[in-house]
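Keep in mind that this is a model prediction, so the values were computed, not measured.
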Amino acid sequence: MMPKLKKYMPFTYKMMIPYLALVLLTDVFIGYISYSMLTDSRTEMAESNIRTGMEQSRNNIRYQMDEIQRMSDNLFGSQPFQRALSLKGTPFEIYLAMIDEIVPQITAPLQLFGNKIRFMLYTPNTDINIVSGDNLDEPIKDSDYYILPIEDIESSEWYQSLKDSKRDNLWLQIDTDRKLGNLSHVRTLVSFSDYRTLIGYVRITVSLEDLFGGFDTFPLEEGITLRLVEETTGDILFQRGSAEYNNTHENVLSLHEQIPGSDFVIEAMVPDKYLTQDAGRLRRVIIAVCSLSFLVMTLIGYLVARISGRKMSRIVGLVRSFQDGNFQKRIRFSGNDEFVQIADSFNDMASNIQGLINSVYVQGIQKKQAELEALQAQINPHFLYNTLSTISSLANLGEIGKVTEMVQGLSRFYRLTLNQGNVYIELQKELEQVATYLEIQRVKYADTFKLYVDVDEEILQMQVIKLVLQPFVENVFKHAWFGETIAIRLTGRRVGSNIELKVIDNGIGMRPEVVKRMMQGPSQSGGYGVKNVDERIKLRYGDAFGVTIASIYGGGTTVRLLLPAGVQDHEES
């Protein structure tokens with residue numbers, strides 16, 4: 001029976017496991033580095049864009065604040081304007097001063113300034129005509145100017161703060177500025193004569209949205225918040241963007257830009273989701289690229305493993321053919337690599353082994369044939385000696401008729417034994433040979449024994465080696481007979497792929513130690529033929545077949561012969 005082959009995984013496929021692990025680790029490492037670098041680059045770019053926008057806003061605010069500062073400087077440094085503002089006289093004189101000096105000085109900047117502003121002049125001079133302008137509680141719609149009495153602001157907090165602190169030239173959120181999103185520049189006007197006498201206050205108000213110059217560079221819809229913060233107090237003067245980052249756990253990048261010459265700071269609050277808004281897309285792209293790279297490398301590795309695996313499979317097939325005893329197979333590989341050297345080495349080894357096997361096999365066959373011939377030669381003289389001894393005894397007794405019958409039976413027996421020189425004989429003829437032997441014995445023993453034959457017809461034409469039954473029938477007469485009569489039964493049947501033959505007698509039987517000695521070889525109790533037949537069967541068919549003896553002392557003996565069905569020689573199987 002062929003040994004069951006164990007399942008195995010080709011070595012080339014096993015090598016793919018660390019190869020694929022290395023490729024996977026490399027892809028993961030490269031993907032992680034690429035993702036980190038691209039994310040950092042995108043973050044830096046986004047931060048740079050915000051900083052650029054903040055710088056533009058800072059420059060725009062600084063430029064407009066400087067323009068408004070120049071407006072107040074012009075009024076502060078204009079002597080005709082100060083004289084007209086301090087003028088006391090008739091309404092007509094005041095009207096002329098208004099037309100000639102005050103109104104032109106105020107309206108000129110309104111026309112030159114790019115954004116809409118409110119220009120307010122608060123004067124203690126009660127003779128000056130009042131110009132009320134637009135509603136101060138509404139957003140700035142158009143540039144406008146106001147000439148108002150100082151009494152309107154004397155009760156306000158910002159006026160009292162400025163008056164008491166003696167601060168001047170300030171940017172503040174006063175009155176409705178915070179509500180309307182405005183910022184005001186406040187400056188005190190004093191007389192040139194002594195630089196102490198108060199002649200009025202200038203307040204120039206501008207919208208913070210106009211001051212920032214728009215928000216095109218700030219994607220507020222993506223969560224960015226822009227603030228104008230008063231640095232000393234921390235007050236938020238202006239804000240665009242509704243996110244309340246103080247109440248959330250979201251990470252926020254805070255950027256600051258100081259407005260030169262002021263206490264104002266532009267602050268931009270940038271959420272991480274804006275800085276990393278492309279991270280998801282970059283991650284998907286990198287995963288797709290790395291996955292594609294892994295698949296390509298896997299395909300390449302599989303093709304290489306398959307090519308190498310085919311060569312390894314051929315080598316494994318050669319080794320298995322050696323295991324099965326086939327040393328005729330050879331393999332050839334093209335090229336000049338390790339596989340070629342392995343194939344050449346295997347081919348040389350197979351040739352050497354085949355030569356050795358042929359030599360050993362031929363010698364073994366010759367030895368086995370010599371042993372069989374020797375065993376066969378032992379049986380024929382042994383039987384002939386016993387028969388001739390009987391014929392001699394009959395002749396001495398003058399039993400000429402019986403001598404004649406025995407000689408004729410002996411002739412028929414040896415004609416069957418010769419079998420035209422063949423080692424194998426049909427089972428039917430083997431039974432005829434036993435019958436012939438019993439005819440010879442019947443001359444000697446008359447009708448004192450009985451023979452029963454029970455052999456299945458399906459095995460009668462099968463080939464067996466000759467002279468396997470006769471020695472056991474002969475032993476019945478020599479060792480089993482102890483009474484006046486004895487019965488011999490021959491049976492034959494097929495058991496699976498084998499033939500089972502039995503020689504059964506009701507003789508005296510044998511003790512176990514006698515059976516053991518008989519199977520080991522000739523002894524005083526006989527057994528020469530038993531050992532001979534057993535060895536011949538094993539030499540022809542293998543150790544799985546042979547002779548088994550079961551005997552009960554005083555109860556008879558059964559000899560069992562197991563032979564392969566339809567097989568002539570175990571080397572041919």
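The OG1 atom of T298 sits 9.0 Å away from the CD1 atom of I300 when rounded to the nearest 0.5 Å. Here the straight-line distance linking atom CG of L438 with atom CD of E474 works out to 10.5 Å at 0.5 Å rounding. Note that the CG atom of N475 and the CE atom of M510 stand 8.0 Å from one another [nearest 0.5 Å].
Q461 pairs by the side chain to side chain donor-acceptor pair (under 3.5 Å) definition with Q428, not counting sequence neighbours. Scored by the ring pair (Phe, Tyr, Trp, His ring centres under 6.0 Å) test, F545 finds no partners at all (sequence neighbours excluded). Residues that satisfy the salt bridge (charged side-chain N to carboxylate O under 4.0 Å, His left out) test with E47, not counting sequence neighbours, are R51. For E439, the side chain to side chain donor-acceptor pair (under 3.5 Å) partners at least two apart in sequence or on another chain are R412. Residues passing the side chain to side chain donor-acceptor pair (under 3.5 Å) test with R560, sequence neighbours excluded: E500.
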Audit row: V464, I425, side chain to side chain contact (heavy atoms under 4.5 Å, CB included) steps and yes/no
CA-CA 6 Å; V464 296; I425 189 172; 4.2 Å; yes
Stepwise, does the side chain to side chain contact (heavy atoms under 4.5 Å, CB included) test hold for I465 with Y541?
CA-CA 10 Å; I465 57 175; Y541 303 121; 3.7 Å; yes
Hey, mind stepping through Q433 and L467 against side chain to side chain contact (heavy atoms under 4.5 Å, CB included) and telling me if it holds?
CA-CA 8 Å; Q433 190 177 45; L467 288 176; 3.3 Å; yes
Run the numbers on K531 and E535 for salt bridge (charged side-chain N to carboxylate O under 4.0 Å, His left out), then give the verdict.
CA-CA 6 Å; K531 180 65 175 177; E535 288 183 352; 3.5 Å; yes
From CA spacing to verdict: side chain to side chain contact (heavy atoms under 4.5 Å, CB included), V495, R493:
CA-CA 6 Å; V495 181; R493 62 191 180 93; 3.4 Å; yes
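At a threshold of 4.5 Å between non-hydrogen side-chain atoms, the residues F472 and V547 count as touching. Within the 4.5 Å cutoff, the side chain of L561 has heavy atoms near those of the V533 side chain. Proximity of I499 to L562: side-chain heavy atoms (C-beta onward) are nowhere separated by under 4.5 Å. Using a 4.5 Å heavy-atom threshold, the side chains of V455 and L460 count as touching. Contact annotation: the side chain of Y19 never approaches that of Y302 to less than 4.5 Å [non-hydrogen atoms, C-beta and beyond]. Put simply, the side chain of V530 reaches to within 4.5 Å of the side chain of I549, judged on heavy atoms. Residues I287 and R284 have side chains not in contact (no heavy-atom distance under 4.5 Å, counting atoms from C-beta outward). A 4.5 Å side-chain heavy-atom check between L490 and V473 finds at least one atom pair inside the cut-off.
Pairing each heavy atom of M269 with each of P271, the nearest pair is O-CD, 3.7 Å. Counting all heavy atoms, side chain and backbone alike, A268 lies closest to I50 at CB-CG2, 3.9 Å. Taking every heavy atom of both residues into account, E484 and W481 meet most closely at O-CZ2, 3.4 Å.
Taking the ring axis of Y553 as reference, the NZ or CZ atom of R511 stays within 45° of it and closer than 6.0 Å to the ring centre.
Judged by distance alone, the side chain of E430 and the main-chain N or O of L469 form a donor-acceptor pair under 3.5 Å. With hydrogens and angles ignored, the 3.5 Å screen pairs a side-chain donor or acceptor of N506 with a backbone N or O of A487.
Remark: D456 does not engage R494 in a salt bridge, criterion side-chain N to carboxylate O under 4.0 Å.
With 3.5 Å as the limit, one finds a donor-acceptor pair spanning the side chains of N532 and R536.
R489 CZ: 12 or fewer foreign heavy atoms inside a 6.0 Å radius. Shown here is E513, whose CD atom has more than 12 heavy atoms of other residues, nucleotides or ligands within 6.0 Å.
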Residues 20-33, side-chain donor-acceptor partners within the protein, below 3.5 Å, at least two apart:
from	atom 1	to	atom 2	distance (Å)
T26	OG1	L22	O	2.7
D27	OD1	S293	OG	3.4
D27	OD2	F294	N	3.3

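For the pairing with S551, the side-chain contact (heavy atoms from CB on, under 4.5 Å) check across T557, V559, V514, D505 returns one residue only, T557.
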